[in-house]
Amino acid sequence: MKNYSLIAVITLCLGLTACGPDIFYIPIDNKLGSAQPLSKTEDTIRVIVPERITQYVANGRAAVPGWLKDAKLAKYIGAAKLYTEDQFKALGYQLTDIGLHSGGGGHPNVIAMVDSGVLKTYDKTYTWQVPISTDPTTGQPNMWDTQGQTVTMNLIYYKIKIVRPIGKDNPLFTCNNSSLSMNFCIYSQDNPSTYETIFEGYGTMDTNARDPAYIEDHLASSVLYQYPTLLGKKRVFQISQIYPQVTKVTDAPTN
């Protein structure tokens, strides 16, 4: 896991689903567009984020009611941008305006619009059995007590749309970065009439982990797994802990 200062990872194991050798599933819905496919030699990609991140950052800085939630949402989007870039680099594609405080001085011809957030929040109770007495002759437990812990779960989504903007003066090429966007390039709206779509990817993750970097690393790794091999596929990724390692890929159920 990368140590981005934006995310401020204090410790890796922050929740029940962020530790241990367990596995979990990330359902993925990838769709192939009609535009010319990505080229590792001819294309340069800029990853951009939605404009609403600026409001999240502003609320966080002003400490208005709900500022902690908004600050966390900003971190989800920021981490999605950073780990998307990591996946593109690992796959061998060219990028510009990467990393923290990425500005906007590059000259891309392909734009990757990424977004992330919380679909729902709910409580989940884990229970286990604890021995409370033993047989004095054998030392074996003969009475048990049920204990439990309730944790707050979040259903996190990650989505990406890779597009070829139409026209050299297309607004998607305008970075519009500022301190409120953490100097990431932003887009104000998704207008399909202004571009041709190369690829759309979408994934979700149920977790009580509290580290946006951990979550977005898993999501971006799954959605862009071996791109472009799984274009046009709906898959379920079985991921190992604690680093994103795909252990099994299966077709998603149709029902």
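This one's a predicted model, so the numbers in the text were calculated from it and none came from an experiment.
One distance of note links CD1 of Ile186 with OG of Ser188; it measures 7.5 Å at 0.5 Å rounding. A distance of 10.5 Å separates CD1 in Ile162 from CG in Leu32, rounded to the nearest 0.5 Å. A distance of 10.0 Å separates CD1 of Ile166 from OH of Tyr195, quoted to the nearest 0.5 Å.
Of the possible donor and acceptor atoms, one in the side chain of Thr207 sits under 3.5 Å from a partner among the backbone N and O of Ala209. Side chain of Lys72 to backbone of Arg210: a donor-acceptor contact under 3.5 angstrom is found. Side chain of Asn154 to main chain of Ile156: no donor-acceptor pair is present (N/O by atom type, distance under 3.5 Å, no hydrogens or angles). A distance-only check finds no donor-acceptor pair linking the side chain of Asp217 to the backbone of Ala213 [under 3.5 Å]. No side-chain donor-acceptor contact under 3.5 Å links Arg46 to the backbone of Ala112. With hydrogens and angles disregarded, no donor-acceptor distance shorter than 3.5 Å links the side chain of Glu51 to the backbone of Gln189. Proximity of a side-chain donor or acceptor of Thr134 to a complementary backbone N or O of Pro136 within less than 3.5 Å is not detected.
Side chains of Leu73 and Val118 form a contact here, defined as non-hydrogen atoms less than 4.5 Å apart. Counting heavy atoms from C-beta on, the side chains of Phe184 and Val47 never come closer than 4.5 Å. Within the 4.5 Å cutoff, the side chain of Met182 has heavy atoms near those of the Val57 side chain. With a 4.5 Å cut-off on side-chain heavy atoms, Asn30 and Val223 count as touching. Within the 4.5 Å cutoff, no side-chain heavy atoms of Trp67 are placed close to those of Tyr56. In this structure, the side chains of Leu180 and Arg61 come closer than 4.5 Å at one or more pairs of heavy atoms. Contact check for Val236 versus Ile26: no side-chain heavy atoms found under the 4.5 Å cut-off. The shortest side-chain heavy-atom distance between Pro108 and Ile45 does not fall under the 4.5 Å cut-off.
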Report task. I would like to know whether Lys124 and Asp206 meet salt bridge (charged side-chain N to carboxylate O under 4.0 Å, His left out); could you show each step before the answer? Result -> CA-CA 11 Å; Lys124 183 175 182 178; Asp206 273 292; over 6 Å; no
Query - Worked check of side chain to side chain contact (heavy atoms under 4.5 Å, CB included) between Ser116 and Glu216 - result: CA-CA 8 Å; Ser116 185; Glu216 299 299 336; 2.6 Å; yes
Query raised in the report: side-chain hydrogen bond (donor to acceptor under 3.5 Å, both in side chains) between Thr146 and Gln129: does it pass, once the steps are laid out?
Result: CA-CA 5 Å; Thr146 300; Gln129 297 292 310; 2.6 Å; yes
Query raised in the report: Can you check side-chain hydrogen bond (donor to acceptor under 3.5 Å, both in side chains) on Thr150 and Asp123, steps first, answer last?
Result: CA-CA 6 Å; Thr150 300; Asp123 289 335; over 6 Å; no
Query raised in the report: What's the verdict on side-chain hydrogen bond (donor to acceptor under 3.5 Å, both in side chains) for Tyr158 and Thr84, showing C-alpha distance, side-chain angles and the deciding distance?
Result: CA-CA 10 Å; Tyr158 165 93; Thr84 298; 2.6 Å; yes
Query - Check against side-chain hydrogen bond (donor to acceptor under 3.5 Å, both in side chains), Asn176 and Thr174 - result: CA-CA 6 Å; Asn176 291 325; Thr174 302; 5.5 Å; no
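For Asp190, the salt bridge (charged side-chain N to carboxylate O under 4.0 Å, His left out) partners are Lys161, not counting sequence neighbours.
Just one residue in the list Thr194, Leu172, Val110, Asn109 forms a side chain to side chain contact (heavy atoms under 4.5 Å, CB included) with Pro165, and that residue is Leu172. Checked against Ser181 for a side chain to side chain contact (heavy atoms under 4.5 Å, CB included), the options Ser179, Cys185, Ser178 give a single hit: Ser178.
Judged by a 6.0 Å distance limit and a 45° cone about the ring axis, Lys120 is positioned over the six-membered ring of Tyr122. Relative to the six-membered ring of Tyr202, Lys159 misses at least one condition, a distance below 6.0 Å or an angle of at most 45° to the axis.
Between Arg235 and Asp29 there is no salt bridge, since no side-chain nitrogen of the basic residue lies less than 4.0 Å from a carboxylate oxygen of the acidic one. Classification of Glu85 and Lys81 as a salt-bridged pair holds, one side-chain N sitting under 4.0 Å from a carboxylate O.
Closest approach of Met113 and Tyr187 over heavy atoms only: CB-CE2, 3.7 Å. The two residues Arg52 and Asp115 come nearest to each other via the heavy atoms NH2-OD1, 2.7 Å. Across all non-hydrogen atoms, the minimal contact from Ile28 to Ser222 is CD1-CB, 3.9 Å.
In Asp145, the CG atom is crowded: over 12 heavy atoms of neighbouring residues, nucleotides or ligands sit closer than 6.0 Å.
With 3.5 Å as the limit, one finds a donor-acceptor pair spanning the side chains of Gln87 and Ser221.
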